[in-house]
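Note on naming: letters A, B, ... go to the chains in the order of the sequence lines (proteins, then strands), and numbering restarts at 1 for each one.
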Amino acid sequence: MSLADTGPGTGLPGFRAGAEGPAADAGWTDRPARKGFFTDTSICIGCKACEVACKEWNGVPQDGLFELLGSSYDNTGALGASTWRHVAFVEQRKPLGGQRTGVTDLGMPAFDKPGAVADPDERTDFRWLMSSDVCKHCTNAACLDVCPTGALFRTEFGTVVVQPDVCNGCGYCVPACPYGVIERREGDAAHVPNVGVAQKCTLCYDRLREDQTPACAKACPTESIQFGDLDELRQRADRRVAALHEQGVMDARLYGNDPDDGVGGAGAFFLLLDEPETYGLPPDPVVTTADLPSMWRRAGLAAAGLLAAAAVAFVGRSR
Amino acid sequence: MAECHPVGFQWVMEAKARGAKVIHVDPRFTRTSAVADTHVPIRAGSDIAFLGAIVNHILSNDLYFADYVKAYTNASHLVGEDFRDVDDLDGVFSGYDPETGKYDTDSWAYEGETEHAATTGPTAHADDQDGDDQDGDDHDGDDHASTAHEGGVSPGGESEQSESSRGAAHELGGHGASVEHQQIQRDETLQHPRCVFQVLKRHFARYTPELVQQACGITPEQFLEVCEAVTANSGRDRTTAWVYSVGWTHHTVAIQYIRTSAIIQLLLGNTGRPGGGIMALRGHASIQGSTDIPTLYNLLPGYLPMPMAGQHDTLAEMAAGIASSSQKGYWANARTYVVNLLKAWWGDAATEDNDFAYDYLPRLTGDHGTYATVMDMLADKIDGYFLVGQNPAVGSAHAKMQRLGLAHLKWLVVRDLNLIESATFWKDAPEIETGELRTADIDTEVFFFPAASHVEKSGSFTQTQRMLQWHHKAVDPPGDCQSDLDFFHRLGVKIRERLADSGDDRDRPVLDLTWDYPVDEHGEVSADAVLREINGFHLGGEKAGQALGSYLEMEDDGSTAGGCWIYTGVYADEVNQAARRKPGRDQSWVAPEWGWAWPANRRILYNRASADPDGKPWSERKAYVWWDEDQQKWVGHDVPDFEPDKPPSYRPPEGATGIAALAGDDPFIMQADGKGWLYAPSGLLDGPMPSHYEPQESPVANPVYRQQSNPTREVFPREDNLQNPSGDEPGAEVYPYVFTTYRLTEHHTAGGMSRWQPYLAELQPEFFCEVSPELARERGLEHLGWATIVSARTAIEARVMVTDRVVPLRMGDRVVHQIGLPYHWGVGNEALVSGDSANDLFGVTLDPNVHIQESKVASCDIRAGRRPRGPALLDFVADYRRRAGITTETGNQRRTPGTEGATS
Amino acid sequence: MARKTLLDWPVLRQLTGRDPLGRGAAVTSERTRSLEPRTVQADTVVKSICPYCAVGCGQNVYVRDGRVTQIEGDPDSPVSRGRLCPKGSASEQLVNSPGRATRMLYRRPGGTAWEPLDLEQATDMIADRVVESRRRHWQDTDEHGKPLRRTMGVAALGGATLDNEENYLIKKLFTALGAIQIENQARI
Amino acid sequence: MSTPNPPGGPTTPNPTGRDDARNPTAGREGVPGSQGPGPRTGEGRSGGRRRGRGGRGEQAVVPDATFTSYYGRPVVKASPWEADIPAYLFLGGVAAGSSLLAAGGDLTGRPAVRRAGRIAALGALAVSFAALVHDLGKPVRFVNMLRVIKPTSPMSVGTWILSAYAPGTALAGAAEVAALLPWSFGWPGRLLRASARPGGIAAAVIAPGVASYTAVLLTDTATPAWHSAYRELPFVFVGSAAAAAGGLSMITAPTAQAGPARRLALAGAATELTAETIMERSMGLSEETLRTGTAGTLMRISKLSTALGAAGTLLAGRSRVAAVLSGLALLTGSVCTRFGIFHAGQASARDPKYTVVPQRERLDERDGRPAQDPAGS
């Protein structure tokens with residue numbers, strides 16, 4: 001029996017969104033243009049307004065303990081059940097295209113007081129990257145696919161949302177997400193809402209219904225977080241990358257904008273200044289259900305094998 | 001700016017997107033630096049060396065905007081022969097008295113003129129000398145933010161010139177220094193050796209790129225890059241803006257920092273023009289309003305001075321003290337403004353016959369500022385203290401002195417949203433732990449009044465660009481919460497009840513006070529009515545009872561009243577103009593119909609300078625207001641800051657004074673000579689031009705001259721205010737590092753409005769110190785470990801954040817390490833997050849002009865591990881002091897020992 | 001909520017509708033279908049200004065049943081264009097924080113704990129103390145006989161989040177009382 | 001796991017002598033970046049913005065993979081599942097295999113095999129159900145599993161499989177239990193007895209699905225060790241189920257009747273061990289999580305126990321003691337397989353390496369860039 005790889009993306013076409021987009025695929029006949037976020041990290045100032053505005057609007061509780069993480073100015077660590085926007089801070093000894101910093105040229109000292117011992121390794125370049133992460137609202141969303149209750153669903157805007165009144169906290173969506181976004185909320189149910197239920201960004205589904213901008217994008221002081229029709233955002237992002245390249249910021253690249261990527265393109269995509277993994281993002285995420293048909297076939301084969309083996313065990317009368 | 005004013009920073013980002021270059025000068029690499037084109041790390045406290053070298057670069061390379069400088073500044077004015085510069089006098093200007101530590105400023109005056117006598121005599125204490133820019137605000141993060149950008153992008157007026165440049169000439173009582181303009185002698189060629197231009201050029205000649213390296217730790221290459229960017233972006237067609245967060249005011253030479261940038265902006269023609277100016281980024285919702293309508297000891301509303309005993313015994317003396325009757329400009333009407341204030345306060349009891357109840361005003365005799373007050377508390381001279389939305393136990397410099405002072409009070413009123421450390425000091429101050437205080441021994445009665453939040457009351461905030469914006473009440477305050485307006489109104493009613501039967505003269509001001517404000521159904525006073533009184537109204541004549549439309553309608557005969565002349569117009573046409581909310585997208589980029597900016601709804605001050613002397617825009621691109629020949633008046637995007645129908649060609653007749661004396665090309669209408677001052681012949685107490693002095697505590701010796709620190713700084717040699725040795729003094733090596741304090745985006749000042757909120761507290765949960773990897777290695781500090789930071793006052797502990805964002809600075813032959821300390825935390829049990837307060841490290845030493853403390857820079861030692869607990873902490877700090885040989889004299893001698901004329 | 005019937009069973013909706021895989025339209029709950037933002041449910045929207053820094057960002061305050069339910073940026077503001085920083089975005093928590101102090105508290109001399117106190121009574125006590133301390137530390141003239149007309153017994157320090165109108169009344173009242181040590185964050 | 005060994009720069013001596021990477025001077029590439037994520041996760045995991053996992057040895061079996069992460073934080077999230085789930089995996093397998101054996105015993109006249117199989121299937125199913133409900137964040141909402149039928153969700157499919165499997169299993173099991181009781185239960189009892197065979201057979205038909213779908217349950221996730229095992233894991237699981245059920249039957253049924261059970265157990269053990277071997281070769285980098293830590297221990301026990309159980313099974317036809325011991329060994333092996341694979345997955349999710357490295361390699365290959373390191377290949 002061959003266990004050869006059938007590779008991702010060879011599954012049943014029915015498991016992946018069709019040409020009309022994920023909302024059509026999810027049965028929405030009367031649907032607006034697909035909505036999304038374009039997060040341009042090249043103009044993020046790391047103020048965390050998005051984190052707070054999100055929490056305030058969605059009633060997301062305090063996340064964890066009041067402890068310094070030591071990861072630059074990031075004290076929330078990662079996206080999770082109670083952090084739906086997360087700002088990453090990355091300090092790097094790399095140049096930022098077009099930027100000059102005064103960290104260069106620390107010559108050798110000639111002074112013997114305290115304070116006179118300089119770094120023998122001369123500093124070179126420095127940059128401080130900030131990026132506001134969020135649920136990607138994938139075109140092919142693993143969390144949604146694996147949800148056994150229908151708590152996770154595709155909205156008419158093409159976004160992926162948890163219905164907290166439906167979710168029974170099976171937790172399956174948690175390991176399914178290739179970005180590590182969704183999480184089951186823990187805590188004291190007497191004081192915290194939706195304990196035991198999977199939680200993540202809703203792209204402010206309630207606000208979208210009234211044609212309002214999601215809380216994070218509305219608050220963002222520098223328009224690093226841009227909300228809008230996904231098609232338009234993708235074009236805008238292409239122009240932005242081209243402009244940055246022209247300005248010498250050759251590190252600029254888009255992440256999650258490609259409809260042909262492993263998740264069929266993200267509804268929330270990013271302009272990054274380094275490799276995705278630098279920001280804690282997977283470099284080449286693939287929706288796990290891409291392999292699901294193959295998995296089902298193999299499971300079926302295995303099941304058949306078991307049935308056959310059992311039959312043979314009884315049929316054979318050698319002993 | 002991105003750290004502390006993220007939403008304001010959107011305009012910088014927008015400018016950058018349009019091609020502006022953003023330069024960030026700051027000791028640390030901050031969130032602003034992260035998106036700036038250039039970050040220039042600087043040693044905290046060395047800004048005059050940096051800015052002065054830019055002045056030198058401009059002057060020695062002839063990069064100034066000659067037409068502007070000649071027409072609009074005092075560059076051509078001749079300075080008197082008696083003036084001597086710091087180079088001649090070992091680090092002080094002429095007129096210095098080493099005994100008093102003060103200047104006799106007569107020798108700084110223009111040629112042929114003596115300084116207007118009533119303003120500041122050599123013996124005058126520094127009491128009517130606070131300017132409208134004394135707003136120290138709090139310890140904002142971006143101490144040294146400068147943003148050069150190509151202007152005109154901001155409907156909100158990002159590019160607006162703040163009043164600070166005005167303030168630079170107005171340190172005296174906020175009313176401008178007066179000169180007799182008639183006698184000024186000029187050399188239009190700018191060649192006369194004693195003309196301001198040449199004096200300035202000589203003065204700044206020693207501020208070279210090499211000095212910048214030596215004093216600031218900035219390389220010549222990077223310095224020149226800044227010079228080139230700033231100068232290339234200034235001229236007819238382009239403007240550069242300077243933006244500072246008010247950490248600039250937290251220095252013993254604070255005013256002179258701002259003066260230096262004002263000089264740059266005048267030389268480059270960047271003042272009064274769109275996209276230019278100096279923008280003070282203030283840190284509190286109405287910090288601007290708090291100086292406009294001051295709760296400051298030395299000011300009355302509208303930058304009128306509080307009267308000094310013996311100097312301003314009559315209304316006439318006071319008015320004369322504000323402005324010479326023969327000087328140019330709008331300050332010449334000072335008496336009118338005072339009379340209107342008195343009429344607003346004492347109504348019918350203020351009459352022509354009694355000098356409009358001028359005698360009801362209490363008199364000053366010295367420095368009664370907040371630090372003098374706390375020392376009075378320690379001397380048991382003060383019974384009662386009101387803290388209204390303020391947390392000095394965490395937020396003031398030398399916070400320990402504040403806490404000890406509170407424990408000396410008989411009674412204390414704290415009005416706040418949360419149980420701040422200043423309200424709970426009697427049970428959880430750090431001094432309880434050290435044994436310096438015992439709860440049972442503290443006899444202070446403490447009243448905690450819960451306050452209403454901004455949505456639970458109506459009122460106006462004045463934001464950082466002088467714009468008043470009204471916030472409407474949305475809900476009733478919960479529980480016992482109450483607005484400060486309501487509280488003080490009720491308190492006034494109750495006090496007046498208690499004094500109602502008094503026949504004592506001293507109670508007349510209280511009983512005659514106009515205190516009959518309309519109240520709503522809850523008995524709450526109407527903020528709207530108070531704003532209307534601030535605006536003023538006609539008492540007599542045809543318009544009796546009507547609100548004033550502008551301060552030009554004010555009379556000095558008692559027929560009008562108005563509580564704050566600069567705010568007159570905010571209630572014009574009986575409409576609360578501060579509540580105007582025409583959407584920005586529906587109006588011009590200046591957005592004049594949103595809120596109301598003082599004075600007269602003007603968004604850029606001195607905007608006459610946006611046009612050339614003939615009244616034409618310097619360039620079409622930078623057109624803002626201009627003279628329209630057809631209409632014979634000034635027109636443009638903003639309210640012209642000039643008499644609307646005075647043509648550019650107007651020249652005052654002989655003997656004209658006040659407004660009439662302003663020529664058609666005198667744009668600086670509040671200045672006594674109508675010009676922008678490159679050189680301040682009067683008005684400043686610490687020099688007519690900025691000169692580099694080291695901070696009060698600095699491990700670096702002054703590289704310019706032997707005089708180490710500002711020789712006029714206000715010092716307090718006391719056992720409880722010991723200072724670290726500096727420079728070459730023995731013992732300076734015990735405190736070898738520089739530290740600076742700042743804000744983080746996630747918190748607000750002393751934390752009263754952020755450390756109680758989970759959403760903010762979790763984002764920055766703990767007090768930390770930022771150190772470079774090099775310093776960490778030198779002192780064995782571990783990332784996320786603990787460090788103890790020590791000054792002569794105390795020692796505090798912080799978690800360690802090792803980061804490349806802090807850079808050791810190479811300055812000539814040595815390397816200086818800087819330590820960054822955000823100051824939001826305090827010791828207490830009520831907040832969600834707490835920690836030692838960075839402000840405990842500071843002592844009290846003040847700028848002489850405005851009495852603001854130096855709390856952006858000092859020296860310290862740092863070592864790994866937590867600080868000692870209990871009484872051992874005191875021994876630990878004392879041991880350091882012994883090693884450094886500290887006495888009350890240390891650092892508190894204004895003239896550096898060894899310099900000419902130094903005492904002792 | 002409407003009474004549930006078998007027709008609401010998502011499996012049936014899957015089989016009969018356009019969402020056979022049960023990913024969207026078929027699986028919504030009644031709560032989801034009736035979801036609307038609380039900004040829409042507000043009784044009033046009140047215009048306000050952020051109380052933190054001095055940029056002066058516009059805020060819209062949403063009120064329902066006498067309680068603030070949401071504070072967000074006012075897009076009309078030419079200063080802020082609807083944006084808020086983290087502190088401004090936390091304004092609702094500033095107002096509604098469960099940790100906020102809303103009761104008058106009193107600590108007697110030497111006391112080790114707070115005690116409750118009636119607000120009116122507290123204000124009366126303060127009025128008494130002001131009058132008494134003012135009297136005790138009154139100065140009519142200086143040593144040269146020049147008028148001072150002031151008291152040194154009462155001082156104040158205000159924050160810079162006070163409204164202009166509040167500052168005005170504070171300055172006016174204290175000046176009339178002759179109290180001069182009236183200070184503000186503006187000097188700090 | 002490792003101290004940071006950032007790119008380019010030399011590793012700086014650690015002045016404190018601590019080696020938990022909180023060393024402030026260690027990082028050359030953004031200092032906080034070189035620090036651990038801090039006390040919040042309690043992981044002590046370091047490495048941060050590291051390239052190169054300069055491991056301290058215990059895991060440095062595979063050549064160092066070069067990769068970058070965000071302060072060493074996980075990229076994907078580990079499932080929130082606890083012991084309930086691997087226990088269910090095991091019990092589900094036991095139930096499925098037992099149903100098959102019971103049906104076979106029923107049809108081939110092996111009543112002891114039938115009886116034990118039916119009761120075991122019912123018992124395992126009941127405990128499975130309890131485990132599944134217990135593991136939910138909102139147990140009272142278990143019934144919401146029946147809101148939808150989602151072919152994209154292995155858990156939904158599994159729920160419906162279980163729903164189909166449970167009635168027959170329950171009937172057959174209940175009939176056996178009732179038969180053990182001294183009462184006749186009247187006509188319901190008769191009805192129960194009559195439905196036992198159809199029920200048992202129905203259960204047996206569905207049972208292989210119960211045994212194999214759980215593999216898809218794990219592999220249809222972004223958990224690296226699970227997903228990368230998706231080709232072989234169904235075979236491992238059905239093998240494990242067969243071995244466990246066979247083993248159980250060897251214990252509960254008389255030796256004489258247990259021939260099919262032994263044969264099934266042997267086949268299962270052989271399938272499991274073979275499939276595991278192939279799986280380990282095809283998984284790539286995350287395979288090392290099967291060899292390290294808790295999972296490593298469990299997998300070693302599993303293999304040894306399964307192999308011993310299989311060997312013992314060869315003798316079990318003759319010795320009742322050998323049958324019982326072998327049966328226990330096979331059961332132990334199956335339990336350890338399930339827990340081992342479960343823990344390997346959890347561990348692979350918690351270390352960003354297993355997510356980043358294979359994806360980076362894939363990406364680099366696609367972009368025509370040379371792979372940075374042939375880790376795990």
Side-chain angles (χ1 to χ4, degrees), chain B residues 5-8 135 155-156 282 284-285 287 289-291 293 295 309-310 362-363 368 370 373 383-386 388-390 411 419 440 443 446 448 450 453-455 459-460 463-464 469 471-472 474 478-480 484-485 488 492 494-495 498 509-510 513 527 530 583-584 591 594 756-757 759, chain C residues 46 48-49 51-57 61 63 76 78-80 83 85 90 93 95 99 101-105 107 109-110 112 119 127 129 131 133 142 146 148-150 153-161 163-171 173 176 178 180-184 186-188:
Chain B
H5 305 86
V7 182
D135 162 16
R282 298 173 176 207
H284 302 250
I287 190 101
S290 297
T291 47
I293 297 181
T295 40
R363 306 295 202 266
H368 310 295
T370 181
T373 299
D383 286 359
Y385 198 32
F386 289 85
V388 190
Q390 188 68 3
W411 52 273
L419 279 170
D443 285 334
V446 184
F448 177 81
S453 73
H454 71 298
V455 299
S460 64
Q463 53 85 275
T464 198
Q469 299 185 101
H471 58 92
H472 296 270
D480 291 336
D484 300 311
L485 192 76
F488 281 103
K494 285 179 187 292
I495 291 171
R498 280 158 177 72
V510 185
L513 200 63
V530 178
W594 180 275
W756 272 260
Q757 283 138 275
Y759 291 166
Chain C
V46 180
S48 193
I49 300 297
Y52 286 94
C53 84
V55 169
C57 301
V61 181
V63 179
D76 291 348
V79 174
S80 57
R83 304 167 197 181
C85 76
Q93 204 171 52
V95 176
T102 58
R103 289 292 157 200
M104 177 71 218
L105 294 173
R107 184 258 179 186
T112 55
L119 183 64
R129 278 155 184 72
V131 169
S133 296
D142 69 5
K146 297 288 188 185
L148 293 174
R149 306 185 59 97
R150 71 185 188 189
V154 181
L157 180 61
T161 310
D163 294 338
N164 290 316
E165 295 74 20
E166 294 175 335
N167 271 322
Y168 182 77
L169 285 200
I170 292 170
K171 184 70 178 183
L173 177 63
I180 57 171
Q181 295 135 303
I182 307 306
E183 284 279 277
N184 188 278
R187 204 189 300 282
I188 297 169

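In this view, B:H471 and B:F461 satisfy the ring-ring contact (aromatic ring centres under 6.0 Å, His included) rule, not counting sequence neighbours.
At distances below 3.5 Å, not a single donor-acceptor pair connects side-chain atoms of C:N184 with backbone N or O atoms of B:S290. Looking at C:R83, its side chain never comes within 3.5 Å of a backbone N or O of B:V7 through a donor-acceptor pair. Formation of a donor-acceptor pair under 3.5 Å by the C:Q181 side chain with backbone atoms of B:T373 is not found in this model. In this structure a side-chain-to-backbone donor-acceptor pair under 3.5 Å is missing from C:E165 to B:A527. The closest donor-acceptor contact from the side chain of C:E183 to the backbone of B:T295 lies at 3.5 Å or more, if one exists at all. B:Q757 places a side-chain N or O within donor-acceptor distance of the main-chain N or O of C:A90, the cut-off being under 3.5 Å. With hydrogens and angles disregarded, a donor-acceptor distance shorter than 3.5 Å links the side chain of C:Q93 to the backbone of B:Y759.
Minimum interatomic distance between B:V510 and C:A176 (heavy atoms only, all atoms of both residues): CG2-O, 3.5 Å. What you find for C:M104 and B:D480 is that their closest heavy atoms are N-OD2, 2.9 Å. Closest heavy-atom contact between C:P78 and B:W594: CD-CD2, 3.1 Å. Closest heavy-atom contact between B:V530 and C:Y168: CG1-CD2, 3.7 Å. Contact detail for B:P362 and C:R149: the closest heavy-atom pair is CB-O, 3.3 Å.
Distance NE2/B:H5 to OH/C:Y52: 14.5 Å, rounded to 0.5 Å. Atom CG of C:L148 is separated from atom CZ of B:R363 by 8.5 Å, given to the nearest 0.5 angstrom.
Contact tally against chain B (heavy-atom pairs below 4.5 Å) for C:I182, C:N164, C:V154, C:L173: the top residue is C:N164. No other option in C:V95, C:V61, C:L105 has as many heavy-atom pairs under 4.5 Å with chain B as C:L105. For the options B:G584, B:G384, B:G289, B:G479, heavy-atom pairs under 4.5 Å to chain C are most numerous at B:G384. Across C:V46, C:N167, C:I170, the residue that shares the most heavy-atom pairs under 4.5 angstrom with chain B is C:N167. Interface check for chain B: of the options C:V55, C:D142, C:V131, the most heavy-atom pairs under 4.5 Å are formed by C:V55. Note: C:P109 leads C:P109, C:S80, C:G178 in heavy-atom pairs under 4.5 Å with chain B. Ranked by heavy-atom pairs under 4.5 Å with chain C, the first of B:T370, B:D383, B:I495, B:V388 is B:D383.
Side chains of B:S460 and C:D163: a donor-acceptor N/O pair is absent below 3.5 angstrom, by distance only.
At a 4.5 Å heavy-atom cutoff, the contact between B:W411 and chain C is made by side-chain atoms alone.
Side-chain contact between C:L157 and B:Y385 is present, with at least one heavy-atom pair separated by less than 4.5 Å. Side-chain contact check for C:I188 versus B:Q390: some heavy-atom pair is nearer than 4.5 Å. No side-chain heavy atom of C:S48 sits under 4.5 Å from any side-chain heavy atom of B:H472.
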